[in-house]
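Have a look at the structure below, then the notes.
In each ligand, atom 1 is the first atom listed, and ligand 1 is the first ligand listed.
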Amino acid sequence: MKIFIDTANIDEIKEVASWGILDGVTTNPTLIAREKRNFADLVKEIHTIVDGPISAEVISLEASGMVEEARKLSKIGRNIAIKIPLTEEGLKATKVLSQERIMTNMTLCFSPAQALLAAKAGATFISPFIGRLDDISHEGLELVRAIKQIYANYAYKTQIIVASIRHPLHVVEAAKIGADIATVPFNVLKKLMKHPLTDIGIDRFLQDWQKLSDKEKAF
Ligand code: E4P
């Protein structure tokens with residue numbers, strides 16, 4: 001499974017890129033607003049750090065405006081994926097952009113029906129928001145299972161980005177289902193790495209190592 005980071009924060013992106021496990025980045029207007037910087041400049045800087053897909057979202061609600069914004073954003077680089085909301089206008093824009101070979105990420109997906117239409121419109125990526133479904137007592141991961149099955153039934157090429165991830169088990173379950181990608185907030189990526197027994201094990205090994213003489217330690 002590919003791992004994207006769900007942030008627009010340059011320091012977080014640089015840190016996770018340095019771990020050697022980062023395959024891409026997703027942003028949204030809320031994440032961009034947190035950084036208090038010019039949108040295009042921020043996306044351009046992310047583009048200098050990450051080779052994989054970088055999602056940047058359109059603001060227009062009409063297809064023509066979405067396409068116009070997408071064409072501008074896609075000039076930043078071929079790896080910019082245009083994030084488009086799952087509406088009728090969004091479908092129209094996605095169809096046009098897929099014909100222009102511009103990557104699209106259909107976002108705010110909350111139902112298998114929406115995911116089916118996104119694939120038919122030629123979306124490169126679909127983003128089911130599992131945490132926001134869990135928040136209203138719906139099983140977010142069930143949506144991912146349903147999309148996986150539908151796409152397999154018809155060999156759709158649209159890749160599933162599991163989004164709105166809240167904790168490490170969301171990532172593990174997404175991988176068990178066979179999702180293509182999980183987009184993970186920085187704090188959850190840090191938690192994925194952590195296990196208390198790893199820390200205890202390192203401490204114990206170092207304590208035992210210190211019991212050796214300098215001659216015994218030499219290598
Ligand atoms: C994904 O592309 C979205 O940016 C993100 O996962 C939304 O997460 P949230 O529900 O925590 O805002």
Side-chain angles (χ1 to χ4, degrees), residues 1-13 16 21-37 39 42-43 45-47 49-50 52-60 66 69-70 73-74 76 79-87 90 93-94 97 102-112 114-115 118-119 121 123-144 147-148 158-175 177 179-192:
M1 184 173 67
K2 289 185 178 163
I3 293 188
F4 291 1
I5 186 169
D6 194 29
T7 187
N9 183 277
I10 295 293
D11 291 338
E12 292 179 355
I13 294 167
V16 177
I21 53 107
L22 188 62
D23 299 303
V25 176
T26 53
T27 69
N28 63 39
T30 303
L31 295 171
I32 295 284
R34 267 184 214 156
E35 302 308 311
K36 305 205 181 315
R37 283 185 54 184
F39 175 36
L42 194 48
V43 176
E45 187 168 350
I46 296 170
H47 177 256
I49 304 166
V50 179
I54 299 163
S55 288
E57 190 155 342
V58 295
I59 299 302
S60 299
M66 291 175 182
E69 285 179 53
L73 285 166
S74 69
I76 294 172
N79 58 335
I80 304 300
I82 309 302
K83 233 173 167 185
I84 297 179
L86 259 157
T87 60
T94 298
L97 295 170
I102 292 175
M103 286 199 294
T104 51
N105 174 359
M106 291 215 82
T107 189
L108 291 166
C109 173
F110 294 101
S111 79
Q114 289 178 318
T124 317
F125 303 105
I126 181 78
S127 289
F129 275 34
I130 64 169
R132 292 193 196 185
L133 280 172
D134 289 356
D135 289 345
I136 58 160
S137 304
H138 284 250
E139 180 60 70
L141 285 160
E142 275 307 314
L143 172 58
V144 180
I147 298 172
K148 177 85 186 157
T158 303
Q159 297 171 58
I160 303 170
I161 303 181
V162 179
S164 186
I165 280 177
R166 302 270 195 262
H167 52 73
L169 277 181
H170 271 156
V171 181
V172 173
E173 290 302 319
I177 293 167
D180 302 285
I181 301 146
T183 189
V184 189
F186 182 67
N187 69 318
V188 178
L189 282 167
K190 297 275 264 190
K191 287 181 192 163
L192 276 176

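For atom 2 (O) of ligand 1, the closest non-hydrogen atom on the protein side is Lys83 NZ, 2.5 Å. The protein heavy atom nearest to atom 5 (C) of ligand 1 is Asp6 OD2, 2.9 Å. Closest protein heavy atom to atom 11 (O) of ligand 1: Arg166 NH1, 2.7 Å. Scanning the protein for heavy atoms near atom 8 (O) of ligand 1, the closest one is Ser164 CA, 3.4 Å.
Heavy-atom proximity to Arg132, at under 4.0 Å, picks out these atoms of ligand 1: 7 (C), 9 (P), 10 (O), 12 (O). For ligand 1, the atoms sitting less than 4.0 Å from at least one non-hydrogen atom of Phe129 are 1 (C), 3 (C), 7 (C), numbered in the order shown with element in parentheses.
With hydrogens and angles disregarded, a donor-acceptor distance shorter than 3.5 Å links the side chain of Lys83 to the backbone of Thr27. Between the side chain of Thr124 and the backbone N or O of Asn105, no donor-acceptor pair lies under 3.5 Å.
The side-chain heavy atoms of Ile82 and Met66, taken from C-beta on, include no pair separated by under 4.5 Å. Contact annotation: the side chain of Ile130 approaches that of Val144 to within less than 4.5 Å [non-hydrogen atoms, C-beta and beyond]. Residues Ile177 and Val162 fail the side-chain proximity criterion, which asks for heavy atoms closer than 4.5 Å.
A side chain to side chain contact (heavy atoms under 4.5 Å, CB included) with Val184 holds for exactly one of Thr7, Leu189, Asp6; it is Leu189.
In the candidate list Asn28, Ile32, Thr107, Asn28 is nearest to atom 4 (O) of ligand 1, counting heavy atoms.
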